[in-house]
Amino acid sequence: MNYKKEWDELGKLDPLWAVLSHADKRFGGWDNQAFFQTGEEEIKTVIQKIQKLGYPKDKKNVLDFGCGVGRLTRALSKYFEKSFGVDVSGAMIQKAKKLNKQETTISFQVNDRDDLSLFEDNFFDMIYCNIVLQHIPSKTQIKKYISEFIRTLAPGGIAVFQLPSKVPLLHRLQPQRRLYRLLSLFGFSHAFLYNTLKLYPIQMNWLSEKEVRNCVMVSGKMLLVEKDSSAGEKVESRLYFVTK
Ligand SMILES: C[S@@+](CC[C@H](N)C(=O)[O-])C[C@H]1O[C@@H](n2cnc3c(N)ncnc32)[C@H](O)[C@@H]1O
């Protein structure tokens, strides 16, 4: 996973902004409390939605896939007995542990595998994944994680994940990211590229709603698809609610 090292660099340079990239919060601009408050609000809304759908049937285990520094894991832990946050980046997980020391029911782990073999079948009552799958460069890999969500979901459990359904052509070119990668090949440090040139390495991927539906159909059941705005104004995005 080549992109793992970019998340590691960002996890060291500006972790909170890398997680929630509000323009005015770049270069360490997030206040911790305000940052975690966004997680509380997001999760409150999601929990209300899934309760309306009649899920989850149990509240033992929840997974926050691509947890970053635990913004959403902390909020999810208020609703479940045990919470698991996994992330591809060791730097993000280190920061998550540091910022959430007081949270005794959360376990944060690095998962840089292309699956969720860390976890057994039918384990999670809820899986939540926001603004993560969109950054995975391979569409095949995104589909594999979706199948893994369904495999590890308990009967009566619910997976809620976000993914762009279409990225406009101009947005796909991502000149900032290309320049960042090119200059890092020439030996420029990540800190210089990020802080001085203000470049950013992360890419945006998507799957059409039809592709996601087809992938889910193999082993799960689509309960609801909602329009979503977490990928920004220019990117059409969806929030999927899935059970098995
Ligand atoms: C924009 S951040 C969002 C973090 C968190 N979901 C939130 O909203 O607070 C994206 C996170 O996904 C993680 N990530 C990227 N690819 C991943 C993968 N294949 N497996 C697990 N985490 C991944 C990154 O390291 C980063 O922490």
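All ligand and atom numbering here is 1-based and tracks the order in the structure. No hydrogens, no waters, no symmetry mates; every other heavy atom, side chains included, goes into these values.
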Option of least heavy-atom distance to atom 18 (C) of ligand 1 (set: Val88, Ile131, Leu116, Ile93) = Val88
Taking atom types as modelled and ignoring hydrogens, do the side chains of Ser219 and Arg151 form a donor-acceptor contact shorter than 3.5 angstrom?
-> no
Could an N or O of ligand 1 be found under 3.5 Å from any N or O of Asp64, whether backbone or side chain?
-> no
Should we count NZ of Lys221 as having more than 12 external heavy atoms under 6.0 Å?
-> no
So for Ser21 against ligand 1, with non-hydrogen atoms under 4.0 Å, the contacting part is neither
Short question: side chain of Glu9, backbone of His190 - any donor-acceptor pair under 3.5 Å?
-> no
Decide whether Asn214 and Lys143 meet the rule of one side-chain donor and one side-chain acceptor closer than 3.5 Å.
-> no
The one among Met92, Arg71, Lys4, Lys95 that brings a heavy atom closest to atom 9 (O) of ligand 1 = Arg71
Run the numbers for me: atoms of ligand 1, each under 4.0 Å from some heavy atom of Ala18, listed by number.
-> 1 (C)
Quick one: does Trp7 get an N or O within less than 3.5 Å of an N or O on ligand 1?
-> no
Is the distance between the ring centroids of Phe27 and Tyr194 less than 6.0 Å?
-> yes
At under 4.0 Å between heavy atoms, which part of Asn130 makes contact with ligand 1: side chain, backbone, both or neither?
-> backbone
Please tell me if the side chains of Asn205 and Ile136 come closer than 4.5 Å, counting only heavy atoms from C-beta onward.
-> no
Note: ligand 1 atoms sitting under 4.0 Å from heavy atoms of Tyr145 are 19 (N)
Around atom 25 (O) of ligand 1, find the nearest protein heavy atom and jot down its residue, atom name and distance.
-> Asp87 OD1, 2.6 Å
Side chain, backbone, both or neither: Ile136 near ligand 1, heavy atoms under 4.0 Å | side chain
Counting each atom of ligand 1 from 1 as listed, which ones have a heavy atom of Ser89 under 4.0 Å away?
-> 25 (O)
Aromatic centroids of Phe161 and Phe65 separated by under 6.0 Å | no
Does a donor on one side chain and an acceptor on the other come within less than 3.5 Å for Tyr128 and Glu42?
-> yes
Check whether the side chains of Gln37 and Glu41 place a donor and an acceptor atom closer than 3.5 Å, and report yes or no.
-> yes
Quick one: does Gly70 get within less than 4.0 Å of ligand 1, heavy atoms only?
-> no
For Phe65, atoms of ligand 1 separated by under 4.0 Å from a heavy atom | 20 (N), 21 (C)
Looking at side-chain heavy atoms only, is the closest gap between Arg177 and Met204 below 4.5 Å?
-> no
Could an N or O of ligand 1 be found under 3.5 Å from any N or O of Gly66, whether backbone or side chain?
-> yes
For atom 16 (N) of ligand 1, the protein heavy atom that lies nearest, with its residue and separation = Tyr3 CE1, 3.3 Å
Can you list the ligand 1 atoms lying under 4.0 Å from a non-hydrogen atom of Val132?
-> 6 (N), 12 (O), 14 (N), 23 (C)
